[in-house]
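Throughout, protein chains are lettered first and strands after them, A, B, ... in sequence-line order, and every chain is numbered starting at 1.
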2 protein chains.
Amino acid sequence: MAGIKDVASHAGVSVATVSRVLNGHPTVRPATRALVLSAVAELGYRPNAVARSLRTHQTRTLGLVISDVLNPFFTELARAVEDAARSRGYSVVIGNADERPDLQDHYVRTLLEHRIDGLLVSPTDGGSAPMLESARASVPMVFVDRWIAGIDVPVVHADGHGAVRDLVAHLHALGHRRLAVIAGPETTTTGNERVAAFRAALAAHGLPLPDAYIGKGDFQTESGRRATAAFLELPEPPEAVFATDNLMALGAMDELRARGLRVPDDMALAAFDDIPWFLHTDPPITAIAQPTTELGHRAVHALTDLVEGRDAGSVTLSARLIARRSCGEDERNEGNRR
Amino acid sequence: MAGIKDVASHAGVSVATVSRVLNGHPTVRPATRALVLSAVAELGYRPNAVARSLRTHQTRTLGLVISDVLNPFFTELARAVEDAARSRGYSVVIGNADERPDLQDHYVRTLLEHRIDGLLVSPTDGGSAPMLESARASVPMVFVDRWIAGIDVPVVHADGHGAVRDLVAHLHALGHRRLAVIAGPETTTTGNERVAAFRAALAAHGLPLPDAYIGKGDFQTESGRRATAAFLELPEPPEAVFATDNLMALGAMDELRARGLRVPDDMALAAFDDIPWFLHTDPPITAIAQPTTELGHRAVHALTDLVEGRDAGSVTLSARLIARRSCGEDERNEGNRR
DNA sequence: CTGAAAGCGCTTACAG
DNA sequence: CTGAAAGCGCTTACAG
């Protein structure tokens with residue numbers, strides 16, 4: 001592969017000049033610029049970003065560590081992040097933690113070694129060594145969706161309290177009184193907050209949330225299935241289940257289907273995070289939708305602001321309930337998505 | 001951030017020695033090694049991968065350019081690629097082409113500038129300049145799922161002919177005679193091959209495939225919706241539609257639902273690529289499943305073989321039909337996934 | 001407007 | 001077993 005020296009000698013100028021035209025430096029004579037450009041084209045020269053980064057101390061690359069690529073919510077988030085980053089001139093490299101703290105740590109470490117300009121993370125746990133380290137190393141960082149208490153960086157997320165309250169009201173109106181939840185890991189903010197919001201909303205209706213009605217999940221499909229099985233084996237199973245992410249809702253449906261049970265007749269079901277398929281499931285699933293694309297955009301804006309030396313603060317958006325038929329018939333509230 | 005010099009002076013050795021212990025060079029005295037290691041720990045030193053890459057001419061990074069992250073098939077593929085790469089000591093950076101040739105080119109260019117060791121691509125078009133360039137630049141490359149005729153690199157893909165034949169037999173047995181297909185872009189191999197396989201299978205049953213029954217899609221949701229709308233406005237709409245990817249099947253369902261039509265009564269539906277949600281849609285969708293994870297693993301194996309100077313050849317796996325209820329009731333074939 | 005030179009943070013022959 | 005030095009491919013003051 002041709003290097004800058006080849007271009008320089010081919011064009012009969014110094015490497016400094018080649019560098020200048022490549023970087024759009026204003027003080028280059030048009031004739032010289034043309035000479036260089038044609039040499040570049042002729043040799044098919046592609047600048048070496050590695051060398052440039054070593055020299056400039058910036059990579060124009062953002063790291064994104066997400067909890068699970070297989071989760072459509074994160075995939076949509078990643079897509080939004082990618083778009084926003086590209087439009088600001090950054091590349092993004094994604095690390096998929098697969099909800100495993102060890103993998104998450106592997107990626108933040110790797111990303112840091114690659115000297116990314118900033119780090120966007122949706123943490124899988126409550127705060128590991130490499131995460132603290134990166135905060136200490138003062139690499140610009142922003143949390144998105146989930147965060148870690150005690151690490152003081154901007155957080156871009158959606159507050160689900162209002163939507164969860166709406167969901168509980170919806171369930172209550174439909175006559176459901178025994179309400180259960182499938183929780184995420186206690187080490188994650190979203191894992192805790194969604195359950196807390198649910199509990200608070202139940203309390204407002206004078207409803208309890210017994211421990212047996214809190215399924216321990218990990219935001220992945222299998223755990224939704226296991227939690228649902230456990231609910232069904234209770235002497236008094238819940239009438240409605242709120243899965244705190246879409247993958248656990250999928251697991252719940254898997255289990256229900258395997259037992260020949262029907263939603264909502266045998267058990268009502270609702271999920272946090274809306275996805276296109278929820279419109280077509282049997283029945284369509286009532287879900288809480290986050291402004292995913294906007295979350296991604298805002299997170300990138302905050303991060304690039306930090307990277308480029310500007311201030312950035314946290315942003316809190318809100319989620320909303322999209323009632324469909326999985327909690328019972330109530331066509332007045334029937335909603336669509338998009 | 002501490003550099004290798006800091007570590008060296010802190011440990012009272014030369015930078016060469018620090019480098020040696022970091023790289024597991026055998027001829028380092030244990031005592032020296034211990035000294036260095038404790039300095040590394042104390043300073044929280046993280047080697048600069050950028051500098052290392054510049055020096056060694058390798059990044060231990062693979063580039064993966066996929067057609068669409070929002071498509072669960074590619075997301076699953078990316079996940080498999082990532083896992084296989086990590087287990088072989090490589091990172092992977094993903095570029096999402098979003099089915100746009102210009103974006104695809106942007107990513108192969110960027111990846112090449114970043115001097116990735118090898119490139120894995122599922123091309124969105126029939127062969128653009130940067131793609132040819134990268135082949136010419138002799139960066140190790142392998143195609144996965146889709147490929148470009150005329151670029152001589154290994155191809156790792158699944159042959160769907162047998163499964164499509166099974167699908168057509170299934171549709172035929174259910175009494176469907178007017179069969180249509182929603183195609184992908186003609187510039188992609190999968191776009192063409194799936195239609196060709198479908199046409200051939202129809203011919204074997206003495207069935208035609210009129211032009212009006214070939215919907216022009218682009219593998220994304222909206223195009224599936226448009227193609228379905230067009231089918232429905234035909235004087236004689238098809239009885240069954242085969243969407244050549246899962247997103248276009250989603251679009252078809254969107255359109256059918258908007259018109260208050262039912263699958264399979266008003267129109268039977270089948271899709272290429274199986275996804276977990278197909279089990280829970282109304283009705284469950286008959287699909288052709290690719291061995292996605294294995295495709296990803298094999299592709300990485302082929303690519304790392306190339307990168308490390310070994311030979312690598314193409315590999316062809318096969319896909320299989322998973323009959324569910326979206327083409328009509330035929331419980332004998334009822335199948336599950338996973 | 002352009003060139004010569006230093007230097008980014010590492011690795012690796014080459015000596016010793 | 002370890003150090004001094006060159007060099008990877010760029011960018012950027014510093015001169016002129």
Side-chain angles (χ1 to χ4, degrees), chain A residues 1-37 39-40 43-61 89 109-117 137 139, chain B residues 1-37 39-40 43-61 89 109-117 137 139:
Chain A
M1 215 176 265
I4 198 172
K5 281 183 189 164
D6 302 300
V7 176
S9 65
H10 207 267
V13 300
S14 72
V15 298
T17 299
V18 175
S19 176
R20 287 192 192 98
V21 350
L22 260 23
N23 292 293
H25 192 97
T27 72
V28 184
R29 201 150 46 103
T32 314
R33 155 182 306 275
L35 224 50
V36 170
L37 257 19
V40 164
L43 298 173
Y45 170 70
R46 309 254 99 228
N48 183 328
V50 174
R52 173 185 297 154
S53 291
L54 180 58
R55 192 43 241 240
T56 60
H57 295 282
Q58 53 165 23
T59 52
R60 299 291 304 176
T61 298
R109 236 187 288 263
T110 302
L111 259 12
L112 257 28
E113 291 184 358
H114 284 268
R115 298 299 190 264
I116 46 149
D117 293 341
V139 173
Chain B
M1 215 177 264
I4 196 172
K5 280 183 190 164
D6 303 300
V7 176
S9 65
H10 207 268
V13 298
S14 72
V15 298
T17 297
V18 175
S19 175
R20 286 192 191 97
V21 350
L22 258 23
N23 292 292
H25 192 98
T27 72
V28 183
R29 201 149 48 101
T32 314
R33 155 182 309 275
L35 224 48
V36 170
L37 257 20
V40 164
L43 299 174
Y45 170 69
R46 310 254 98 228
N48 182 328
V50 174
R52 174 186 294 152
S53 290
L54 180 59
R55 191 45 239 238
T56 61
H57 295 283
Q58 51 164 26
T59 52
R60 300 290 304 175
T61 298
R109 236 187 288 263
T110 302
L111 259 12
L112 257 27
E113 291 185 358
H114 283 270
R115 298 298 189 264
I116 46 149
D117 292 344
V139 174

A:His25 and A:Thr27: which non-hydrogen atoms are nearest, and at how many Å? CD2-OG1, 3.1 Å
Heavy-atom closest pair, residues B:Val40 and B:Leu22: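 Where B:Val40 meets B:Leu22 most closely, the heavy atoms are CG2-CD1, 4.1 Å.
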Could you tell me the separation between the CG atom of B:Leu37 and the OG1 atom of B:Thr32, rounded to the nearest 0.5 Å? 11.5 Å
Looking at A:Thr27, does any N or O in its side chain come under 4.0 Å of the phosphate oxygens OP1/OP2 on C:dC1?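 No, A:Thr27 has no side-chain N/O under 4.0 Å of OP1/OP2 on C:dC1.
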Using side-chain contact (heavy atoms from CB on, under 4.5 Å) as the criterion, list what pairs up with A:Thr110, not counting sequence neighbours. A:His106, A:His114, B:Ser91
Sorted by chain and residue number, the salt bridge (Lys or Arg N to Asp or Glu O under 4.0 Å) partners of A:Arg46 (sequence neighbours excluded) come out as B:Glu113, B:Glu133
Rounding to an integer number of Å, can you tell me how far A:Arg33 CZ sits from C:dT2 P? 10 Å
Counting runs of three or more consecutive pairs, Watson-Crick or G-U wobble, with each distance below 3.5 Å, where are the stems of DNA chain D?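 Result, WC/G-U stems under 3.5 Å: C:1-3 with D:14-16, C:5-12 with D:5-12, C:14-16 with D:1-3.
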Could you write nucleotides 8-16 of chain C as a row of B, S and -, 5' to 3', where a protein heavy atom under 4.0 Å of any base atom gives B, of only sugar-phosphate atoms gives S, and otherwise -? BBBBBB---
Could you list the donor-acceptor pairs under 3.5 angstrom formed by side chains in residues 50-57 of chain A, with sequence neighbours left out?
residue : atom : partner : partner atom : Å
A:Ser53 : OG   : A:Ala49 : O            : 2.9
A:Ser53 : OG   : A:Gln58 : O            : 3.2
A:Thr56 : OG1  : A:Arg52 : O            : 2.9
A:Thr56 : OG1  : A:Gln58 : N            : 3.4
A:Thr56 : OG1  : A:Gln58 : O            : 3.3

Between A:Thr61 and A:Thr59 (side chain of the first, backbone of the second, donor and acceptor by atom type, cut-off under 3.5 Å), is there such a pair?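 It does hold such a pair.
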Show me the donor-acceptor pairs within less than 3.5 Å that the side chains of residues 3-12 of chain B make with the rest of the protein, sequence neighbours left out.
residue : atom : partner : partner atom : Å
B:Asp6  : OD2  : B:Gly3  : N            : 2.6
B:Ser9  : OG   : B:Lys5  : O            : 3.3
B:Ser9  : OG   : B:Asp6  : O            : 3.2

